[in-house]
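Naming convention: chains lettered A, B, ... in sequence-line order (proteins, then strands); numbering from 1 in each chain. Side chains are part of it too, since the values below use all heavy atoms of this structure and drop only hydrogens, waters and symmetry mates.
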Amino acid sequence: MIARISNEEQHYDTKTFDEYLHDRWNSDSQDVTIHIENCPQCQRRIENMVNDNWA
Amino acid sequence: MQGPETRTTLIGKLNEPASEEVWREFVTIYQPLVIRVSMAKGLQHADAEDLAQEVFSIVKRSITSFRSRGSGSFRAWLFRITRNLVVNQLTRCKGPVGSGDSHVQQWLSQQPERDNETASLFDLELHRQQLQRAADEVRPLVEPDTWDAFWMTAVEGKSISDVARSLGKSEGAVRMAKCRVTARLQTAALNLSGQWETDE
Ligand SMILES: [Zn+2]
């Protein structure tokens with residue numbers, strides 16, 4: 001798997017996650033998508049975000 | 001789910017002149033719900049369809065008095081009308097056991113007998129109906145692979161790793177496809193229920 005993360009600390013915020021979830025991009029989508037789909041930490045946060053919305 | 005108060009603009013329009021379109025939309029949303037609940041309670045399909053017609057004619061006649069009462073939810077009101085008619089019907093025919101939708105039957109058989117059993121089923125069906133309509137809206141907007149990943153994991157209950165293997169995607173991609181479709185369904189369902197369920 002190609003991890004194009006130069007800095008391990010650099011994850012994304014909920015605003016970017018929301019753009020990612022709904023395909024409403026204000027930023028470069030490809031880098032974000034590649035990061036998220038290879039980053040368990042961001043994936044966990046996104047899953048929590050989505051699950052919280054059912055509550 | 002939305003809160004119980006339901007004085008919505010669309011419900012307000014149901015008995016206005018030239019409200020045929022709103023009325024058709026209302027029937028589209030609620031007819032399958034009334035039919036499924038009636039069948040789950042033991043009516044045959046044809047009887048459930050007749051009963052739905054009866055429910056809607058009562059709603060049409062009584063919407064003004066419902067609106068002027070000013071309390072209670074529309075959903076609860078519709079549920080009471082449906083339940084009363086189902087009970088009448090079953091008493092009339094000494095309760096034939098309907099064939100019903102097998103999933104609903106299965107779900108029902110897993111529930112303990114409770115007074116609010118039908119109320120829960122009604123809410124569950126309403127929720128399912130909203131999700132179904134949301135799915136119809138969202139599906140054309142996402143990539144087929146993304147939809148499949150969502151469907152196989154969330155609906156068919158397959159494991160992330162199995163689905164990743166069968167679609168030739170990474171597990172992360174499958175996990176995120178499920179999240180993306182779910183998020184869009186949530187937004188679409190919220191918009192739909194907002195049309196019929198929010199406060200005025
Ligand atoms: Zn990350």
B:R133 and B:E137 ion-paired at < 4.0 Å: no
Got a donor-acceptor contact below 3.5 angstrom from the [X] side chain to the [Y] backbone?
X: B:Q186; Y: A:V50; answer: yes
X: A:R24; Y: A:D18; answer: no
X: B:R175; Y: A:P40; answer: no
X: A:Q43; Y: A:I36; answer: yes

Is the cationic atom of B:R180 (NZ for Lys, CZ for Arg) positioned less than 6.0 Å from the six-membered ring centroid of B:F150 and within 45 degrees of its normal?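 The answer is no, since B:R180 fails at least one limit relative to B:F150.
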Spell out the residues in residues 155-165 of chain B that have some non-hydrogen atom less than 4.5 Å away from a non-hydrogen atom of chain A, in order of number; otherwise answer 'none'. none
